Amino acid sequence: MEGDNLSCIKYLMFIFNFLIFLGGATLLGLGVWVLVDPTGFREIIATTPLLFIGAYLVLAMGGMLFLLGFLGCCGAIRENKCLLVFFFMFILMIFLAELSAAILAFLFRENLSKDFFAREVKRHYHGDNSTEVFSSTWNSIMITFGCCGVNGPDDFNDALRFRALHPYDAVPEACCRREVQSKAGKVISRRDCLLDREDYQNRQGCYSVILNSVEPYVYLAGALAIGVLAIELLSMVFAMCLFRGIQ
């Protein structure tokens, strides 16, 4: 391969790998933020194993892309065949894993539906004072976002375990309005709230509240994922061209 063409491919590969490096750093930061964020995303993830696993997959994928981008940049600049082959095989595995994850997310999208979460709450929610993980997590979500149930307070009318443990309460205390919408905030009127007086309850369902909160980031994450896949594909092509051109 001619020197000018080889040099062009080398620097193009460096640029694409630098973009992979930045994309990996972004995903790594996003994964860490979701897992440690104090405003409620951690509680949302904890309610569903699929989301919990997904957060750690984003974290792991970000770390691998971060490392891979660094190795690709080194392999391109130093024109090292061994690094280029390792880079190609590694990025191919990551590309296939990301493609598989996207397909699985599409196939299991029903697990993120409003009906799915509503069924889970009706089956497993115990109440305010429960130390059980599912119930305490939902309490945190309802208090943090100022919402009640998945669709609204009516979800608790036929929540079997909640009704058995709290037969006289219309809703859990986590649904009650507070002076400051946080765990430390004082409930305005617990008695009126539990007696189903609407002025003292958060009436909006958590599904729509959370969806509105995260919707802008979903499109950003999707665009970023498509961009990363395209860059990975081009980087594999450039890696093979550079490998063949090195004497």
Side-chain angles (χ1 to χ4, degrees), residues 31-59 105 108-215 217-218:
V32 171
W33 173 67
V34 167
L35 291 173
V36 303
D37 177 61
T39 59
F41 287 98
R42 183 174 47 200
E43 282 81 4
I44 299 169
I45 288 168
T47 61
T48 306
L50 188 64
L51 288 178
F52 187 75
I53 293 168
Y56 278 101
L57 281 175
V58 168
L59 192 63
F108 291 100
R109 65 192 183 280
E110 293 82 5
N111 288 351
L112 302 179
S113 68
K114 184 185 290 189
D115 291 341
F116 171 79
F117 286 117
R119 285 196 304 269
E120 291 297 298
V121 167
K122 290 175 181 179
R123 289 174 185 169
H124 304 298
Y125 183 77
H126 289 194
D128 296 296
N129 299 320
S130 175
T131 56
E132 183 260 331
V133 174
F134 183 89
S135 301
S136 59
T137 297
W138 266 99
N139 289 333
S140 296
I141 292 172
M142 291 190 288
I143 292 170
T144 300
F145 288 94
C147 55
C148 186
V150 177
N151 303 293
D154 291 343
D155 285 346
F156 298 101
N157 291 342
D158 50 357
L160 301 178
R161 297 193 181 190
F162 176 72
R163 291 266 63 89
L165 295 169
H166 306 274
Y168 304 111
D169 296 343
V171 294
E173 187 180 315
C175 288
C176 298
R177 288 190 177 179
R178 298 167 182 259
E179 292 177 356
V180 178
Q181 201 60 51
S182 69
K183 290 183 180 180
K186 183 181 177 182
V187 175
I188 295 174
S189 176
R190 183 179 184 276
R191 180 175 178 275
D192 289 322
C193 172
L194 300 187
L195 288 173
D196 205 22
R197 291 172 182 162
E198 296 184 5
D199 290 341
Y200 299 93
Q201 296 174 351
N202 294 314
R203 303 292 299 176
Q204 197 167 5
C206 292
Y207 190 89
S208 57
V209 171
I210 294 170
L211 195 63
N212 291 335
S213 299
V214 303
E215 190 173 18
Y217 303 105
V218 170

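Excluded from the calculations below are hydrogen atoms, water molecules and symmetry mates; all remaining heavy atoms, backbone and side chain alike, are included. All of these numbers come straight from a predicted model, not from anything done at the bench.
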Test: Cys175-Cys148 SG spacing under 2.5 Å: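 Correct, these two cysteines form a disulfide.
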Heavy-atom pair with the smallest gap, counting every atom of [X] and [Y]:
{"X": "Ala174", "Y": "Arg178", "result": "CA-NH2, 4.4 Å"}
{"X": "Asn151", "Y": "Lys114", "result": "OD1-CD, 2.5 Å"}
{"X": "Val171", "Y": "Phe162", "result": "C-CZ, 3.5 Å"}

Measuring from [X]:[atom1] to [Y]:[atom2], what's the distance to the nearest 0.5 Å?
{"X": "Arg163", "Y": "Asn157", "atom1": "CZ", "atom2": "CG", "answer": "6.5 Å"}
{"X": "Thr137", "Y": "His124", "atom1": "OG1", "atom2": "NE2", "answer": "13.0 Å"}
{"X": "Glu179", "Y": "Ile188", "atom1": "CD", "atom2": "CD1", "answer": "6.5 Å"}
{"X": "Trp138", "Y": "Ile143", "atom1": "CH2", "atom2": "CD1", "answer": "13.0 Å"}
{"X": "Leu194", "Y": "Glu173", "atom1": "CG", "atom2": "CD", "answer": "6.5 Å"}
{"X": "Arg161", "Y": "Ser135", "atom1": "CZ", "atom2": "OG", "answer": "8.5 Å"}

Hey, does the side chain of Asp128 reach the backbone of Asn139 with a donor-acceptor pair shorter than 3.5 angstrom?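 Between the backbone of Asn139 and the side chain of Asp128 there is no qualifying donor-acceptor contact (under 3.5 Å).
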Quick one: does Asp155's side chain have a donor or acceptor within less than 3.5 Å of a partner on Val150's backbone?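 It does hold such a pair.
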Between [X] and [Y], is any pair of side-chain heavy atoms under 4.5 Å apart?
{"X": "Ile141", "Y": "Ile210", "result": "yes"}
{"X": "Met142", "Y": "Cys206", "result": "yes"}
{"X": "Gln201", "Y": "Asp196", "result": "yes"}

Could you walk me through whether Glu120 and Phe134 satisfy the side chain to side chain contact (heavy atoms under 4.5 Å, CB included) test, starting with their C-alpha distance in whole Å, then the side-chain angles of each, then the deciding distance to 0.1 Å, before giving a yes or no? CA-CA 9 Å; Glu120 291 297 298; Phe134 183 89; 3.9 Å; yes
Is there a side chain to side chain contact (heavy atoms under 4.5 Å, CB included) between Val121 and Phe156 once you walk through the steps? CA-CA 8 Å; Val121 167; Phe156 298 101; 4.1 Å; yes
For the pair Phe117 and Tyr207, name the ring-plane relationship: parallel under 30°, tilted 30 to 60°, perpendicular over 60°.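 Taking Tyr207 first and then Phe117, their aromatic rings sit tilted (interplane angle of 30° to 60°).
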